[in-house]
Amino acid sequence: MELVCDNSELNGIWGAEAPDILVIGGYAIRRDMTVGLLERVKAFKAKHGLDSHCPVKWNMRDLDRPLAAHGLENQKQILIENSDAIRTDLLDALTTAGAVIFVSIIHAYSNNKQVLGKTKQDLVGYSFGNLLMRVGLFCKDSAGGRRVDSLLDWPEANNRAPFTSEYHTGWRYGRSGPEQGGVKYQCGPLAQIAFAPTVAFAGMEFEPRLQLADLVVGAGREFINYSMGKSKKEAFGVQRFKALLPHLYQANGQTLGRGITVSPTNGDLSAAVLKALKSL
């Protein structure tokens, strides 16, 4: 089994001067399905007139550096003009391969840049922990004792600590955060359900699995905007997230708290997400 994740930020309706909502999302997929998935990804890129190794993102306009790394600057216009079709085909390929989707959302409750700057790394680790707990429950039931490897996009400012620290405490001790008062993982220590001892990082521009995770997070961002009244239900991104809903991790028919987690659970954002889920 493989877990592939990306993260992003956005501003809520509360007028934050800095991004006040953190999103970490991605998917779990059986290892034997990955080769076929990556072949379909290359085929879909070629179908749309792209080089089969051309990098993609949810925001196709934000690809200057990745395209330059491949010497494919001339493909940007194709990406922009065909962005909806490309994103649809690639997300459909992901779900057809049996990927299970996870999205973790945290609202920082601050509109002060300085406060957010001091606490952001803690929030990133906490959000990653929320996702890991649910992935652990899924893999405990579905991975059959097979090894679970985790791949993350290379972090902002090369700071891996929020991810590696949270992963280690979850892997070794089955808890999130500090030793005293940390939240326990319901699945137990990740080490006991065959998770690898550490996470791996790679650059999105060279790793199509991370490009797919970026698309998942992008659709998740659009859904959050819809939850906050910033996007219409008919918007492309909202409809793409709606198409992903059947593939989110569920337990006893429950998606919120499983495939989608929102912290704090009793806040305005959590209530808005629940209402939006019911409306799709």
Side-chain angles (χ1 to χ4, degrees), residues 4-13 19-27 29 37 40-52 54-64 66-67 72 75-105 153 204-205 208-250 255-256 259-260 262 269 272-280:
V4 186
C5 295
D6 190 20
N7 65 287
S8 186
E9 306 174 358
L10 66 158
N11 282 27
I13 61 175
D20 61 332
I21 296 175
L22 304 179
V23 184
I24 294 179
Y27 57 92
I29 187 170
L37 169 62
R40 286 190 291 276
V41 166
K42 290 194 293 185
F44 277 129
K45 289 178 179 180
K47 166 190 165 183
H48 292 290
L50 298 168
D51 183 276
S52 62
C54 182
V56 298
K57 292 184 69 174
W58 183 264
N59 180 6
M60 299 293 189
R61 297 182 183 278
D62 186 28
L63 279 169
D64 289 344
L67 289 172
L72 295 173
Q75 305 237 295
K76 185 173 182 179
Q77 196 59 36
I78 299 174
L79 287 162
I80 293 172
E81 291 175 355
N82 298 280
S83 61
D84 287 0
I86 294 169
R87 291 180 291 182
T88 296
D89 280 347
L90 295 182
L91 285 172
D92 285 349
L94 180 64
T95 55
T96 299
V100 177
I101 308 298
F102 296 85
V103 179
S104 174
I105 307 162
D153 190 19
M204 175 280 300
E205 58 266 37
R209 291 175 295 171
L210 288 170
Q211 294 166 26
L212 293 171
D214 181 275
L215 297 183
V216 169
V217 171
R221 283 172 52 99
E222 295 297 326
F223 169 72
I224 296 168
N225 281 329
Y226 168 64
S227 301
M228 298 186 298
K230 289 186 171 184
S231 296
K232 295 185 179 297
K233 183 176 181 179
E234 298 77 22
F236 171 79
V238 178
Q239 288 302 306
R240 289 318 310 159
F241 189 82
K242 180 180 180 180
L244 291 176
L245 275 178
H247 306 279
L248 268 75
Y249 175 46
Q250 300 182 20
T255 301
L256 189 62
I260 302 177
V262 185
L269 182 57
V273 166
L274 178 58
K275 182 179 179 181
L277 284 172
K278 292 178 176 179
S279 72
L280 289 181

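Side chains are part of it too, since the values below use all heavy atoms of this structure and drop only hydrogens, waters and symmetry mates.
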Exam field: side chain [X] to backbone [Y], donor-acceptor pair closer than 3.5 Å:
X	Y	result
Gln211	Met204	yes
Glu222	Ala235	no
Thr88	Ala85	no

[X] to [Y] - nearest heavy-atom pair and separation:
X	Y	value
Cys54	Leu79	SG-CD1, 4.0 Å
Pro66	Glu205	CB-CB, 3.5 Å
Gly218	Trp58	CA-CG, 3.6 Å
Ser227	Val273	OG-CA, 3.8 Å
Lys47	Asp89	NZ-OD2, 3.0 Å
Ala97	Arg40	CB-NH2, 3.6 Å

Original post:
Between Met228 and Ile21, does a side chain to side chain contact (heavy atoms under 4.5 Å, CB included) hold up when you go through it step by step?
Top reply: CA-CA 12 Å; Met228 298 186 298; Ile21 296 175; 3.7 Å; yes
**OP:** Find the distance between OG1 (Thr95) and CG (Leu90) and round it off to the nearest 0.5 Å.
**Re:**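 CG of Leu90 is found 11.0 Å from OG1 of Thr95.
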Original post:
How many angstroms lie between atom CD of Gln75 and atom CE of Met60, to the nearest 0.5 angstrom?
Top reply: 11.5 Å
**OP:** Let me see the working for Ile86 and Leu50 under side chain to side chain contact (heavy atoms under 4.5 Å, CB included), right down to the final yes or no.
**Re:** CA-CA 10 Å; Ile86 294 169; Leu50 298 168; 3.7 Å; yes
**OP:** Would you check, one step at a time, whether the test side chain to side chain contact (heavy atoms under 4.5 Å, CB included) holds for Leu280 with Tyr226?
**Re:** CA-CA 10 Å; Leu280 289 181; Tyr226 168 64; 3.8 Å; yes
Sequence neighbours left out, cut at 3.5 Å: what donor-acceptor pairs do the side chains of residues 238-249 make with other protein atoms?
residue : atom : partner : partner atom : Å
Gln239  : NE2  : Lys233  : O            : 2.7
Arg240  : NH2  : Asp92   : OD1          : 2.9

**OP:** Could I get the full list of side-chain contact (heavy atoms from CB on, under 4.5 Å) partners for Asp6, not counting sequence neighbours?
**Re:** Asp153, Ala213, Asp214, Val217
